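What you see below is based on every heavy atom in this structure, not just the backbone, and it leaves out hydrogens, waters and symmetry mates. In what follows, every chain begins at residue 1, and chains take the letters A, B, ... in the order their sequences are listed. Quick caveat: nothing in here was measured; it's all calculated off a predicted structure.
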Number of protein chains: 2
Amino acid sequence: MSDQTSSDALLFLTDEQLRQGIEAMFFAYRGFTADPDRILATMAYGRAHHRAVHFINRAPGTTVTNLLVILGVTKQSLNRVLRSLIEDGLVEARVGSADKRERNLYLTEKGAALERKLSDAQRNRMRAAYRAAGPQAVAGFRTVLEAMMDGDLRRRHQALKEGSP
Amino acid sequence: MSDQTSSDALLFLTDEQLRQGIEAMFFAYRGFTADPDRILATMAYGRAHHRAVHFINRAPGTTVTNLLVILGVTKQSLNRVLRSLIEDGLVEARVGSADKRERNLYLTEKGAALERKLSDAQRNRMRAAYRAAGPQAVAGFRTVLEAMMDGDLRRRHQALKEGSP
DNA sequence: CTTGGAATGTCAACAAGGCTGTCCTAAAGT
DNA sequence: ACTTTAGGACAGCCTTGTTGACATTCCAAG
């Protein structure tokens with residue numbers, strides 16, 4: 001990827017190609033979130049709740065600080081979401097055993113049910129897209145996404161991948 | 001998940017693979033919007049203004065209705081954004097010549113300057129990602145994104161692509 | 001042991017930007 | 001003439017981001 005000195009390999013990097021990539025990313029992200037959004041709209045929840053539930057399911061026992069680093073929001077934003085999830089009995093916050101300042105977060109059975117419902121919808125779309133595009137395209141898709149992340153984001157993403165191999 | 005009878009080709013469709021794709025999409029989109037967001041934060045504008053400016057630049061003379069279909073927001077949401085852009089002299093709304101009910105939207109020089117600033121930042125990141133991933137990966141990336149869009153979104157996206165070939 | 005600072009998390013108040021709903025004008029279409 | 005369409009204005013709501021002040025807990029230096 002470094003020494004594409006002359007010409008052929010750079011032909012696809014025209015401004016127009018890049019702009020189409022940008023727009024594709026915009027439209028695709030809309031599709032990507034459309035199904036969960038539809039489900040969430042029928043409840044009193046939004047996308048933020050989805051993200052919280054997703055990552056708590058992914059890393060049970062995680063702390064508030066850890067979660068807000070992953071989500072890239074402030075404590076207060078996350079707190080509001082978390083509070084409603086706890087009040088509604090979807091998430092349980094246990095006082096940390098080692099450090100009592102920490103709260104370890106877990107999904108209740110009810111929370112896990114919502115997570116499944118949301119991620120089933122999202123996975124179905126992802127699966128359809130993957131299947132339509134084929135394995136080779138998927139590999140390329142993943143490669144470009146990785147390259148598009150910031151260093152920090154990429155590290156968080158890698159950590160999650162390795163967490164459940 | 002239905003007919004993974006024998007086939008090698010479907011091995012990449014495990015739930016774990018799909019989940020990683022979902023998370024990659026989440027983190028990558030954050031990176032994707034990070035640079036423009038940083039620039040916009042220094043002004044009184046947000047992501048909504050960026051989107052409006054982007055698509056007005058892309059399709060000069062577009063109408064309000066057309067724009068809100070592309071952006072997928074309501075008239076009122078768009079109108080608020082548009083009003084501030086017009087007041088600040090970034091966008092010009094000319095009464096339609098054929099149909100005088102319509103307003104044709106154009107960027108002023110000032111608006112075009114902002115658009116360039118924002119899209120330069122975003123294109124730079126896109127270019128870096130494309131370059132790092134290579135042409136084949138980029139082709140796959142585009143294929144999967146297309147497959148991830150809703151039918152409507154895909155049609156809008158195609159129309160934009162063909163609009164400036 | 002005490003005390004001061006750092007870390008963890010909560011609460012209050014505010015802004016951006018979505019949404020709905022209603023009402024209005026002007027222009028087109030029938 | 002009547003209806004439909006394009007657009008704008010206003011009011012109000014919700015979600016989700018922000019900053020700032022505060023309580024609790026831990027830990028380490030004196």
OP1 or OP2 of dC19(C) under 4.0 Å from side-chain N/O of Ser77(B):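 Answer yes for this pair, as a side-chain N or O of Ser77(B) is under 4.0 Å from OP1 or OP2.
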
Phosphate OP1/OP2 of dG18(C) contacted by Arg51(B) side-chain N/O (<4.0 Å):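 Answer yes for this pair, as a side-chain N or O of Arg51(B) is under 4.0 Å from OP1 or OP2.
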
Among dT20(C), dC11(C), dG9(C), the one nearest Gln76(B) by side-chain distance: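 Looking only at side-chain atoms, Gln76(B) lies closest to dT20(C).
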
Which nucleotide in dT20(C), dG18(C), dT10(C) has an atom nearest any side-chain atom of Lys75(A):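 The listed nucleotide nearest to Lys75(A)'s side chain is dT10(C).
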
Atom-to-atom span, [atom1] of [X] to [atom2] of [N] - whole angstrom:
{"X": "Ile86(A)", "N": "dG9(C)", "atom1": "CD1", "atom2": "P", "value": "11 Å"}
{"X": "Arg94(A)", "N": "dG9(C)", "atom1": "CZ", "atom2": "C1'", "value": "18 Å"}
{"X": "Asn79(B)", "N": "dG17(C)", "atom1": "CG", "atom2": "C1'", "value": "13 Å"}
{"X": "Leu67(A)", "N": "dT8(C)", "atom1": "CG", "atom2": "C1'", "value": "14 Å"}
{"X": "Leu78(A)", "N": "dG9(C)", "atom1": "CG", "atom2": "C1'", "value": "10 Å"}
{"X": "His50(B)", "N": "dG17(C)", "atom1": "NE2", "atom2": "C1'", "value": "16 Å"}

Near-strand residues of residues 95-104 of chain A, defined as heavy-atom separation under 4.0 angstrom from DNA chain C: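 Heavy-atom contacts with DNA chain C come from Arg101(A), Glu102(A), Arg103(A).
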
Most 5' of Ala44(B) and Arg80(A) on DNA chain C, judged by nearest nucleotide: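 The answer here is Arg80(A).
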
Asp150(A) and Phe27(B), any side-chain heavy atoms less than 4.5 Å apart: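 Not touching, per the 4.5 Å side-chain cut-off.
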
Residue pair Arg58(A) / Arg19(B), side-chain heavy-atom distance below 4.5 Å: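 Yes; the side chains approach each other to less than 4.5 Å.
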
[X] near the nucleic acid: base, sugar-phosphate alone, or nothing, with a heavy-atom cut-off under 4.0 Å?
{"X": "Thr65(A)", "value": "sugar-phosphate"}
{"X": "Gly72(A)", "value": "nothing"}
{"X": "His49(B)", "value": "sugar-phosphate"}
{"X": "Arg83(B)", "value": "sugar-phosphate"}

Less than 4.0 angstrom from a charged side-chain N to a carboxylate O is my criterion; do [X] and [Y] meet it?
{"X": "Arg127(A)", "Y": "Asp15(B)", "value": "yes"}
{"X": "Glu109(A)", "Y": "Arg116(A)", "value": "yes"}
{"X": "Arg94(B)", "Y": "Glu92(B)", "value": "yes"}
{"X": "Arg38(B)", "Y": "Asp35(B)", "value": "yes"}

For chain A, the stretch of DNA chain D it reaches, first to last nucleotide, under 4.0 Å of its heavy atoms: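 Contacts span dT15(D) to dC26(D), reading 5' to 3'.
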
Taking atom types as modelled, find out whether [X] and [Y] have a side-chain donor-acceptor pair closer than 3.5 angstrom.
{"X": "His54(A)", "Y": "Glu23(B)", "value": "yes"}
{"X": "Glu146(B)", "Y": "His157(B)", "value": "yes"}
{"X": "His49(B)", "Y": "Ser84(B)", "value": "yes"}

Whichever of Ala48(A) and Leu82(B) has its nearest DNA chain D nucleotide further upstream toward 5':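 First, find each residue's nearest nucleotide; the 5'-ward one identifies Leu82(B).
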
Phe26(B)/Tyr29(A) aromatic ring centres below 6.0 Å: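 Between Tyr29(A) and Phe26(B), which both carry aromatic rings, the centre distance is not below 6.0 Å.
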
